[in-house]
Each structure stands twice: as C-alpha cells, then as structure tokens.
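Excluded from the calculations below are hydrogen atoms, water molecules and symmetry mates; all remaining heavy atoms, backbone and side chain alike, are included.
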Amino acid sequence: MGKALIITLIVLVALLISGVAIARYTGYCAGPDGRISWMTNRLGNQLDLNDSQKHRLTQLKEQIVLSVNELKRDRSTYVDQAIDLLESPQFDRERAHTLLMQKQAQLASLSTDIIDAFAEFSDNLDQSQRDKLQSMIKHHREHRHCRFACGDSEQATQE
C-alpha cells in the first residue's frame, strides 16, 4: 500500500476513536439519562447556581428522567397494540383513536409535571442567569443538528 493511503487510514481511525470518546464523555452514548445528566451539569456550571438553585435543577432532572423512563416503559405496550390493529381484516379506527388519545393524555400529564419542575427552577434564577439561559437556548436552536433539514432555516436566520 502507498504511504498516503496508510497515513489516511491512520488519521481516519484516530478521528473515529476520538469521536467515540467525545460522545461517550459528553453522555451521548449513555442514553437519555446520560444526556440529561450532561445537560443539567452544563447548565449548573454555565449559570453558576447556588445550592437552592442546584437543588431545583436536580428536581427538574429527576422529573425529566422519571418521565422519559415512563414513556420508554409504556412504548412497547403502545407499539404492540398498534401492531395488533393491523392483524384484523379491517383497521379498527375507533381503537386506534382510543390508543392515540391515551398516549396524548399520558404526554399531557407528564408535560405538566416537567413544566412545573422547570417553572420552579426558572423562578429561582436571578435576571442575569435567566438572560444567560435564554442565550444558551437561542444558541442551541441556531446550532441544532437539523437547522437546515427541518425547514426552519429561514426562521433561524431572521432571528
């Protein structure tokens, strides 16, 4: 093999290994719990929170993890029931609608709990922390992975 090919392969392997290491370090390979922990740790560090605010952030994290785990736990049940709908010769629209309504009710219930936990956290921030949080959210929105693929590029560039 040529020298250039060997060097290229070594560089590609090094990039792959470093990418995996960075993903594991930042929590992306740890599932939802790892990503949520990474996010809350980052918020805690960036916003310079006091003990009371850290406690509220921990409560928010626990509520998010609880909600995500509940959704994951029930996901297979909903999928199984949806697959069962396809086994009958005619699609049972009423049962499908009922399944959808059950899922929406569960999401509404969980979102209320998360909103309440976020409100508790947000209400205890001072104005400079709120401004910093707002700029972090705007920055994330402008740099998220699907900015151009989601049809949101016009809005993101106009803001």
Side-chain angles (χ1 to χ4, degrees), residues 8-83 96-159:
T8 303
L9 287 175
I10 290 172
V11 169
L12 287 175
V13 168
L15 286 173
L16 178 65
I17 291 171
S18 63
V20 170
I22 289 170
R24 291 178 83 57
Y25 172 75
T26 57
Y28 290 108
C29 293
D33 295 348
R35 288 189 295 273
I36 293 165
S37 293
W38 178 83
M39 177 197 67
T40 54
N41 289 338
R42 181 176 164 91
L43 276 176
N45 293 335
Q46 293 284 325
L47 297 179
D48 194 29
L49 302 176
N50 63 33
D51 290 337
S52 172
Q53 293 167 331
K54 286 179 185 177
H55 178 70
R56 302 267 191 223
L57 182 60
T58 301
Q59 288 177 327
L60 173 61
K61 173 187 164 185
E62 290 170 355
Q63 184 58 52
I64 292 171
V65 168
L66 182 72
S67 298
V68 166
N69 288 337
E70 185 174 332
L71 288 172
K72 264 183 11 182
R73 183 191 70 226
D74 295 343
R75 182 180 301 148
S76 64
T77 304
Y78 284 111
V79 170
D80 291 342
Q81 290 176 2
I83 291 172
H97 190 266
T98 302
L99 269 175
L100 181 63
M101 292 295 112
Q102 288 173 346
K103 185 66 173 177
Q104 286 180 343
Q106 180 188 31
L107 289 171
S109 171
L110 294 174
S111 64
T112 300
D113 296 339
I114 292 173
I115 289 169
D116 290 343
F118 183 79
E120 287 290 323
F121 168 69
S122 175
D123 291 346
N124 287 299
L125 297 176
D126 62 36
Q127 190 57 45
S128 65
Q129 290 171 322
R130 291 179 79 113
D131 293 341
K132 176 71 175 176
L133 178 61
Q134 187 178 23
S135 73
M136 289 173 73
I137 293 169
K138 284 180 182 178
H139 181 268
H140 174 73
R141 181 167 188 238
E142 291 169 358
H143 295 91
R144 68 181 189 247
H145 66 88
C146 71
R147 175 178 172 202
F148 298 106
C150 295
D152 218 10
S153 60
E154 294 89 26
Q155 287 180 338
T157 56
Q158 291 175 358
E159 292 176 356

Inspect the surroundings of CG in Asp80 and state if more than 12 heavy atoms from other residues, nucleotides or ligands are less than 6.0 Å away.
yes

For Phe118 versus Leu60, what's the shortest heavy-atom pair and its separation?
N-CD1, 3.6 Å

Can you tell me if Ser67 uses its side chain to pair, donor with acceptor, with the backbone of Gln63 under 3.5 Å?
yes

Do Leu107 and Leu71 have side-chain heavy atoms sitting under 4.5 Å apart?
yes

Say you draw a straight line from CD of Gln59 to CG of Asp116; how long is it, rounded to the nearest 0.5 Å?
11.5 Å

Is there a side-chain contact between Thr77 and Gln81, using heavy atoms and a 4.5 Å cut-off?
yes

In terms of side-chain heavy atoms, does Ser128 have a donor or acceptor partner in Asp126 at a distance below 3.5 Å?
yes

How far does CD1 of Ile10 sit from CG of Leu15, to the nearest 0.5 angstrom?
12.0 Å

Report the distance from atom OG of Ser37 to atom CD1 of Ile64, rounding to the nearest 0.5 Å.
10.5 Å

Separation between CG (Leu43) and CD (Gln129), nearest 0.5 Å, reads 11.0 Å

Would you say Thr58 and Glu62 make side-chain contact, with heavy atoms under 4.5 Å?
yes

Can you confirm whether Leu133 sits close enough to Ile137 that some side-chain heavy atom of one is under 4.5 Å from a side-chain heavy atom of the other?
yes

Measure the CG-CD distance between Asp74 and Gln106 for me, rounded to the nearest 0.5 Å.
4.5 Å

Between the main-chain N or O of Glu120 and the side-chain N or O of Asn124, is there a donor-acceptor pair closer than 3.5 Å?
yes

Show, in sequence, the C-alpha distance, side-chain angles and deciding distance for Thr40 and Phe121, and conclude whether the side-chain contact (heavy atoms from CB on, under 4.5 Å) test is met.
CA-CA 11 Å; Thr40 54; Phe121 168 69; over 6 Å; no

State, with a plain yes or no, whether a side-chain heavy atom of Met136 is found less than 4.5 Å away from one of Leu47.
yes

Is any side-chain heavy atom of Gln102 closer than 4.5 Å to one of Leu99?
yes

I want to check something: taking the side chain as every heavy atom from C-beta on, are Arg75 and Val79 in contact at a cut-off of under 4.5 Å?
yes

Atom pair CD/CG of Gln53 and Leu125 - distance to nearest 0.5 Å
5.5 Å

